[in-house]
Amino acid sequence: MPTMVSMSPLLQSLNAEQRRAVTTTEGPLLVLAGAGTGKTRVITVRAAHLLEKGVAAEQILLVTFTNKAAREMQERLLSLAGKQAEGIQVSTFHSFCIRLLRQHAAFLNLPSSFGICDGSDQITAVKSALRELRIAETAIHPRAAQSRISLFKNSLISVEQAKDQADDDWDLGVAMVYEKYQQHLQRSRVLDFDDFLVLSLKLLNEQETVRKQLEDRFRYVMVDEYQDTNGPQYGIVRAIVQNHQNICVVGDDDQSIYGWRGADISKILGFEKDFPGATKIHLLTNYRSTEEILDAANKVIRNNSKRHEKELKSALGSGTTVAILRMEDESHEASFVCSEIDHLVRIGEAHYRDIAILVRTAQQPRSFEADLRAMNIPYHLVGGMSFFDRKEVRDLLAYLRLIANPADETSFLRIANIPARGIGKGSIEKVVAAATAAGEGAFPTMRKMVESGSLGAAPSKGFQQLRTALNQAHALAKQGDLVALLRTLLTSIHYRDEIDRIYPDEATRNLRWNGVMEVLNFAENYQRKASKPTLQGFLEELSLNENDDRDQEDQGDAVTLMTLHAAKGLEFRRVYLVGVEEGILPHTRSVTEGHVEEERRLMYVGVTRAQRDLTITYCEARAKFGRLQSCHPSRFLFEMREKEPPQGWVPSGAPQMAQTAAPAPRKAKSVVTGRKRRKKR
DNA sequence: TGTGTCCGAGACGAA
DNA sequence: CTCGGACACA
């Protein structure tokens, strides 16, 4: 216990639990920070406290999952501890690993200029692997294969092991796709997101000097959002701290919602086992939400079996009741929510910026967007189709990536004939076959083929045009003038004409061109901010920095419409949690695959975003594939009200025939009675 | 080789 | 309903 006389002003602003977390500086420490319990505050004050104790800033490493979080931490640190905090390294796992890999590329036999294979490139690579293997996409879903491959990588399972383990055709097919996929990445000289982590881990495991170097430098390591840590990330942290054990992880097992991305909740559940002698601290005082909201959250989440038991307590006290409302269908739902928002703002009860509409799936926003627009309610949509998924943006980026890394096959194939320049399907096929056989990039392969005259006149001519355009741009890339590069490129490929040609509609045309201009803006910004702007750096930033449109402040006074996944970490005075139905939340697929607990955490995340007012809606029916289908309120709503589902309620994932049989086993699982007693203490 | 149209399958979340 | 792929055309 620190004595009062020596307590620094830093610590005085904290509650007892938080203070204990901050002052426990040595040895492994697990901070279970429930939603709204001042997690960021604890992390930043803890770092500042370390500095106060005389630890050099350079010895502190703070790992986050998103760039946004990293930036926020950095800012908070500067305001807490001033200039000396600048030396603290705050980075995401991914950027930390990329830097490490570029430094030690030689050891891993990597080109130091490797490119980044993002999500949609991964799908493209999987698809081309399937085509190569003559496997129909209906037999093996590209997306399913991709996520399995990612799982293989994160579990350090090699292609050979995957093949050995396969015990049916599907598994074997995926293992073969995995092999082709890896070859594709290799000859394209790109790494996917999993590679960053896995290769970094390999580096640390096999190069003791590198590991030692990091261990000596980073004497104090903190990991934010530890519940989202996957196997390789855990391994990396562990390798750095294994001797000094000064590892502090902060997170909330109840908010682990990235299992499908490889996040391993057992890491936060088993921290004390992984790091014997660890201190465990619960932060349970919630400064965000009213008692009613936390009560609803607690009642839902306690139905999970795999968790650290805890219940949040509100520091705010009582407020309004949580409303659970039944809607006819999704258009009624949307118009109800929008009218209410409109009304509340009109009577001065609320600001747009204080309101969020949270959805489970990316297509739910559709009905809401229509109504929001019709009612002139300013809003911004987060998640779903990202700016970087837009066709024109991806085209342009493919050009840039090809300039930075001529071996990049996906990018080459994407723009080889955009705009059309006589390189058709036939020649593309020939080039891919040759590139695959040679294990080289498609662009260099095609150059050789053109030079040896093994391609027709039209494609050869087209290729020369492309090459000229790229060379010209490449020269400007070397000078670091990205804006000039983009302008030159756009001119030389006549991209404006291409857009005008494809989109006869004036409005779409402008919209598309705006996307292109937006990339120019990004480049301008990057060039201004970066100390040493390079094309590679620019592309890296674009791939790693999710475009942070989550910032409410940046959006002016507007309603936020977003997915639950995007909402984690944010808070709003008033929240509408919509579409809370069996089949959506929990999602059918999660139910059939046995991931209901993660869905429940998603529900929990949604509920705990609200500060004062929470309205939950569910629909009686909802359009699926253009056809209206009836649906049932989510099991989580019954849990929340401690009620049994009524007769005729059909849980998602249950076969339609077995309506009477299905609820029986679920009852025992979802309705936990006898817990009420434990709640009051 | 480039363009247009039709058809059928399809939908979870994203650094 | 909405996308992408296949196929048929110029």
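Chain identifiers are assigned alphabetically (A, B, ...) following the order of the sequence lines, protein sequences preceding nucleic acid strands; residue numbering begins at 1 within each chain.
- Residue R627(A) contributes atom CZ, which lies 18 Å from atom P of dA11(B) at whole-angstrom precision.
- Using bins of under 30°, 30° to 60° and over 60° for the plane-to-plane angle, the ring pair F463(A)/F412(A) lands in the perpendicular bin.
- dA14(B) atom P lies 17 Å from atom CG of L544(A), rounded to whole Å.
- Between the C1' atom of dA11(B) and the CD1 atom of I123(A) lies a distance of 14 Å, rounded to the nearest Å.
- Atom CE of M562(A) is separated from atom P of dA14(B) by 11 Å (rounded to the nearest Å).
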- [ ] Please assess F65(A) against Q233(A) for the test side chain to side chain contact (heavy atoms under 4.5 Å, CB included), listing each intermediate value before the final yes or no.
- [x] CA-CA 10 Å; F65(A) 274 78; Q233(A) 285 164 340; 3.5 Å; yes
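- Using a 4.0 Å heavy-atom cutoff across all strands shown, G119(A) reaches no nucleic acid atom at all.
- Residue R360(A) places none of its side-chain N or O atoms closer than 4.0 Å to OP1 or OP2 of dC12(B).
- Judged as a salt bridge (charged side-chain N to carboxylate O under 4.0 Å, His left out), and not counting sequence neighbours, the contacts of E593(A) are R589(A).
- Under the side-chain hydrogen bond (donor to acceptor under 3.5 Å, both in side chains) criterion, the residue pairs touching residues 414-423 of chain A are D395(A)-R414(A), Y399(A)-R421(A), with sequence neighbours excluded.
- As a whole-Å value, the separation of Q465(A) CD from dT1(B) P is 15 Å.
- With sequence neighbours excluded, the residues satisfying salt bridge (charged side-chain N to carboxylate O under 4.0 Å, His left out) with R512(A) are E392(A).
- Residue S427(A) places at least one side-chain N or O closer than 4.0 Å to OP1 or OP2 of dT1(B).
- Across the P atoms, dA6(C) and dA11(B) are found 15 Å apart, a figure rounded to whole Å.
- For the ring pair (Phe, Tyr, Trp, His ring centres under 6.0 Å) test, residues two or more places apart in sequence or in another chain that qualify with Y258(A) are W260(A), H565(A).
- Taking 4.0 angstrom as the limit, S543(A) places none of its side-chain polar atoms (N or O) nearer than this to OP1 or OP2 of dA15(B).
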Between the protein and nucleotides 1-10 of chain C, which nitrogen or oxygen pairs are less than 3.5 angstrom apart?
unit_1 : atom_1 : unit_2  : atom_2 : d
dG5(C) : OP1    : K127(A) : NZ     : 3.2

For nucleotides 3-9 of chain B, which of its nitrogen or oxygen atoms have a protein nitrogen or oxygen under 3.5 Å away, and what is each distance?
unit_1 : atom_1 : unit_2  : atom_2 : d
dT3(B) : OP1    : R501(A) : NH1    : 3.2

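- One atom, CG of D224(A), and another, P of dA15(B), lie 16 Å apart when rounded to the nearest Å.
- Considering only residues two or more places apart in sequence or on other chains, D408(A) meets the salt bridge (charged side-chain N to carboxylate O under 4.0 Å, His left out) condition with R401(A).
- For the pair G424(A) and R589(A), nearest-nucleotide mapping onto DNA chain B gives the more 5' position to G424(A).
- Remark: P of dA11(B) and CH2 of W260(A) are 16 Å apart, rounded to the nearest angstrom.
- Note on F65(A): only backbone sugar-phosphate atoms sit closer than 4.0 angstrom, heavy atoms only; bases stay farther off.
- Nucleotides of DNA chain B nearest to R421(A) and E593(A) differ in position, and the one nearer the 5' end is that of R421(A).
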List the atom pairs, donor and acceptor, that lie under 3.5 Å between side-chain atoms in residues 132-141 of chain A and the rest of the protein, sequence neighbours left out.
unit_1  : atom_1 : unit_2  : atom_2 : d
E132(A) : OE2    : K180(A) : NZ     : 3.4

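- At a threshold of 4.0 angstrom between heavy atoms, the contacts of N417(A) are confined to the sugar-phosphate backbone, with no base atom among them.
- A heavy-atom distance below 4.5 Å is not found between the side chains of F114(A) and D195(A).
- Across the protein-nucleic acid pair, I502(A) atom CD1 and dG2(B) atom C1' stand 12 Å apart, rounded to whole Å.
- When the salt bridge (charged side-chain N to carboxylate O under 4.0 Å, His left out) test is applied to D224(A), the partners found at least two apart in sequence or on another chain are K39(A).
- Residue Q122(A) places its side chain closer to dA15(B) than to any other of dA11(B), dA14(B), dA15(B).
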